[in-house]
A.B. asks: 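Can you read through this structure? Questions will come right after.
Just so you know, ligand 1 is whichever comes first in the structure, and atom 1 is the first atom listed for that ligand. These numbers come from a predicted model, not from an experiment.
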Amino acid sequence: MQIIDGKAVSKAVKENVKAECEKLKSQGVTPGLAVILVGDDSASQVYVRNKEKACEECGFYSEKYALPASTTQNELNELVDKLNKDSRINGILCQLPLPSHLDDKEVINRIDPIKDVDAFHPVNVGAIMIGDYNFLPCTPAGVMELIHSTGVDVSGKKAVVMGRSNIVGKPMAMLLLHENATVEITHSKTQNLSDITREADILIAAIGKAKFVKADMVKEGAVVIDVGMDRDENGKLCGDVDFEDVKDKCSYITPVPGGVGPMTISMLMKNTLTAAKLQNGIK
Ligand code: GUN
């Protein structure tokens with residue numbers, strides 16, 4: 001078994017983005033990212049801080065908008081409108097989840113698709129569906145990079161995606177399909193779950209249940225990717241996969257932390273760079 005080093009793969013992606021950013025700067029363009037955070041969810045605060053740090057590392061311009069939990073939908077919409085028009089800003093990211101009185105969908109739909117570096121806007125989701133896209137959603141794209149780093153060929157393999165969220169499960173299945181995997185998506189109503197996961201050459205866990213995936217659910221020699229960010233019974237960060245139980249059964253496995261997490265941010269940087277190029281007519 002080999003552990004996939006998400007930090008190392010993420011660093012390589014960021015170094016590439018940084019080099020590309022320097023080239024853009026020499027042409028008078030500095031990629032700019034605006035991050036909006038509403039309320040005081042502590043996990044979201046950590047994610048946003050890491051995104052700002054990554055912008056600095058890559059040489060990007062960044063703006064952070066930390067708004068109080070009492071922010072109204074109108075105020076949030078007006079901020080998005082302002083950022084849509086701001087030529088220094090190439091990418092807009094509104095950290096989800098929003099406080100319950102605000103509508104995620106309304107914000108996502110309001111972001112100009114060309115600045116939608118999360119690839120959550122219906123226009124970008126549709127573009128991904130037909131395989132003709134500018135941006136890939138950050139977490140699924142990061143997972144693909146991790147799979148590529150193993151050298152395992154996805155084509156013709158059986159891939160099982162556990163979870164059907166719009167952010168991870170659904171687009172994840174589409175990216176695997178684009179690379180010619182035979183894909184099955186499982187969810188909370190799936191029957192005989194273990195029978196399905198045990199057939200997977202590539203198993204992606206994105207269900208949000210701490211240490212849910214056990215060795216008896218995994219095929220011998222499978223590539224196991226853990227998208228979970230959960231807390232175990234002691235409050236310690238862990239994934240959807242019971243790492244200690246599963247590790248000796250797979251060929252490759254991602255740890256939590258240090259697996260998929262760092263990749264999501266690197267892919268956001270990559271999307272922001274792409275956005276800056278697109279908006280300035282640079283190939
Ligand atoms: N919350 C959890 N993951 C994400 C993400 O990828 N993008 C945004 N905007 N919010 C999130």
A.B. asks: Do E20 and K270 have side chains that get closer than 4.5 Å, going by heavy atoms?
C.D. replies: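 In short, these two side chains do not touch, never coming nearer than 4.5 Å.
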A.B. asks: Quick test: of every protein heavy atom, which one is nearest to atom 11 (C) of ligand 1, and how far off is it to 0.1 Å?
C.D. replies: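 Heavy-atom neighbour on the protein nearest atom 11 (C) of ligand 1: Q95 NE2, 3.4 Å.
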A.B. asks: Can you see whether N77 engages E106 through a side-chain donor-acceptor pair at a distance of less than 3.5 angstrom?
C.D. replies: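 On atom types as modelled, these side chains qualify, holding a pair under 3.5 Å.
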A.B. asks: Look at atom 3 (N) of ligand 1 and say whether a protein heavy atom is found at less than 4.0 angstrom from it.
C.D. replies: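 No, there is no protein heavy atom closer to it than 4.0 Å.
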A.B. asks: Does the side chain of V13 come within less than 4.5 Å of M269's, by heavy atoms?
C.D. replies: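 Sidechains of V13 and M269: no contact.
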A.B. asks: So do the side chains of I147 and V143 get within less than 4.5 Å of each other, counting heavy atoms only?
C.D. replies: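 Counting from C-beta outward, I147 and V143 do come under 4.5 Å.
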A.B. asks: Where does Y47 meet ligand 1, judged by heavy-atom distances below 4.0 Å: at the side chain, the backbone, both, or neither?
C.D. replies: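 Neither; nothing of Y47 gets under 4.0 Å from ligand 1.
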A.B. asks: Would you check whether P97 has a nitrogen or oxygen atom less than 3.5 angstrom from a nitrogen or oxygen atom of ligand 1?
C.D. replies: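 Checking ligand 1 against P97, no N or O pair falls under 3.5 Å apart.
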A.B. asks: Quick one: are V35 and Y47 in side-chain contact, heavy atoms under 4.5 Å?
C.D. replies: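 V35 vs Y47: side chains apart.
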A.B. asks: Judging by distance only, is a nitrogen or oxygen of T264 under 3.5 angstrom from one on ligand 1?
C.D. replies: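 No - when backbone and side-chain N and O of T264 are compared with those of ligand 1, no distance drops under 3.5 Å.
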A.B. asks: Does a side-chain N-to-carboxylate-O contact under 4.0 Å join K82 and E78?
C.D. replies: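 Looking at E78 together with K82, the answer is no, because their closest N to O distance does not fall below 4.0 Å.
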A.B. asks: In ligand 1, which numbered atoms sit nearer than 4.0 Å to a non-hydrogen atom of L93?
C.D. replies: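 Those atoms are 9 (N).
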A.B. asks: Tell me, which protein residue and heavy-atom name are nearest atom 9 (N) of ligand 1, and how many Å apart are they?
C.D. replies: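 So the nearest neighbour among protein heavy atoms is D118 OD2, 2.7 Å.
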A.B. asks: In sequence, state the C-alpha distance, the side-chain angles, and the governing distance for L67 and L79, and then conclude on side chain to side chain contact (heavy atoms under 4.5 Å, CB included).
C.D. replies: CA-CA 10 Å; L67 308 179; L79 174 58; 3.9 Å; yes
A.B. asks: Out of V117, D116, L96, D41, who gets a non-hydrogen atom closest to atom 10 (N) of ligand 1?
C.D. replies: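 It is L96 whose heavy atom sits nearest to atom 10 (N) of ligand 1.
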A.B. asks: Tell me, please: is C138 in heavy-atom contact with ligand 1, that is, under 4.0 Å?
C.D. replies: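 Under 4.0 Å: no for C138.
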